[in-house]
Amino acid sequence: MDPSPSAARGHVTRLLVAWRDGDPSAIDDLVAALYDELHRLAHLAMIRESGGHTLQTTALVNEAYLRLVGSNGEWQDRQHFLRVASRAMRQVLVDHARRRKSAKRGSG
């Protein structure tokens with residue numbers, strides 16, 4: 001039986017508190033708990049990008065994860081975490097586009 005939405009939110013909140021309190025494994029559990037939602041956000045971000053993008057949706061989630069792991073983890077709640085994750089995904093896409101354009105211009 002799947003947990004109710006309120007139970008799932010409570011689980012996420014506990015993981016956010018654990019991460020904030022210094023539990024390094026909490027971020028992995030947090031991403032696992034929200035993976036489907038993160039993947040959906042990445043898919044939406046990719047749709048907004050121009051065609052011919054070389055980055056895949058799963059790679060975008062993974063890159064955002066690396067940025068989140070390196071952050072201070074001061075997320076207030078589930079919604080705040082997802083907004084920060086979405087912003088991290090957007091920044092990954094921007095950085096990726098900059099690198100591609102830079103390579104096209106021949107900068108070394």
Side-chain angles (χ1 to χ4, degrees):
M1 183 165 118
D2 288 335
S4 69
S6 62
R9 281 191 290 274
H11 177 65
V12 168
T13 300
R14 285 189 298 279
L15 291 171
L16 288 168
V17 169
W19 171 252
R20 198 172 20 228
D21 290 346
D23 179 356
S25 68
I27 189 70
D28 294 331
D29 295 338
L30 182 64
V31 170
L34 295 175
Y35 185 80
D36 290 340
E37 200 157 352
L38 291 168
H39 201 272
R40 183 185 62 78
L41 288 171
H43 179 72
L44 292 172
M46 295 295 291
I47 287 173
R48 290 188 291 263
E49 289 297 302
S50 61
H53 208 287
T54 59
L55 199 58
Q56 299 295 315
T57 304
T58 301
L60 181 56
V61 173
N62 292 339
E63 289 294 325
Y65 166 81
L66 293 174
R67 290 180 185 221
L68 293 169
V69 167
S71 71
N72 62 9
E74 293 295 324
W75 307 299
Q76 298 166 6
D77 55 24
R78 174 191 184 103
Q79 235 10 65
H80 186 222
F81 174 80
L82 291 172
R83 284 193 308 265
V84 171
S86 183
R87 182 176 286 167
M89 288 178 201
R90 179 71 187 134
Q91 194 58 53
V92 167
L93 290 170
V94 167
D95 292 347
H96 184 72
R98 284 183 182 147
R99 280 191 301 276
R100 284 184 60 208
K101 287 185 181 194
S102 176
K104 283 183 180 180
R105 289 191 304 265
S107 71

Notebook entry, point to check: Are Val69 and Val31 grouped together when hydrophobic residues (ILVMFWY) are joined by side-chain heavy atoms under 4.5 angstrom apart?
Noted result: yes
The reported gap from CG in Leu68 to CG in Leu38 (rounded to nearest 0.5 angstrom) is 7.5 Å
Value for NE2 (His11) from CZ (Arg78), rounded to nearest 0.5 Å, stands at 10.0 Å
Would Leu44 and Tyr35 show up in the same hydrophobic cluster when neighbours are defined by side-chain heavy atoms closer than 4.5 Å? no
One should read off an interatomic distance between Asp29 CG and Leu34 CG, to the nearest 0.5 angstrom, of 11.0 Å
Counting only heavy atoms not in His43, do more than 12 fall under 6.0 Å of its NE2?
no
Atom pairs and distances, side-chain donor-acceptor, residues 79-88, under 3.5 Å, sequence neighbours left out:
unit_1	atom_1	unit_2	atom_2	d
His80	ND1	Gln76	N	2.9

Can you give the donor-acceptor pairs under 3.5 Å from side chains of residues 18-25 to other protein atoms, not counting sequence neighbours?
unit_1	atom_1	unit_2	atom_2	d
Arg20	NH1	Trp75	O	2.7
Asp23	OD1	Ser25	N	3.0
Asp23	OD1	Ser25	OG	2.8

Between the CG atom in Asn62 and the OG1 atom in Thr57, the distance rounded to the nearest 0.5 Å is 11.0 Å
Does one hydrophobic cluster hold both Leu60 and Val94, with members joined at side-chain heavy-atom distances below 4.5 Å? no
Can you get from Met89 to Ile47 by hopping between Ile, Leu, Val, Met, Phe, Trp and Tyr side chains that sit under 4.5 Å apart? no
- Message: Any non-hydrogen side-chain atom of Leu30 less than 4.5 Å from a side-chain atom of Val12?
- Response: yes
Taken to the nearest 0.5 Å, the spacing of Tyr65 OH from Asp28 CG works out to 3.5 Å
Query raised in the report: How about Gln56: does its CD atom have over 12 heavy atoms from other parts shown lying under 6.0 Å from it?
Result: no
Of all heavy-atom pairs linking Ala64 and Val92, the shortest is N-CG2, 4.2 Å
Review point. Does the side chain of Asp95 reach to within under 4.5 Å of the side chain of Gln91, using non-hydrogen atoms?
Key: yes
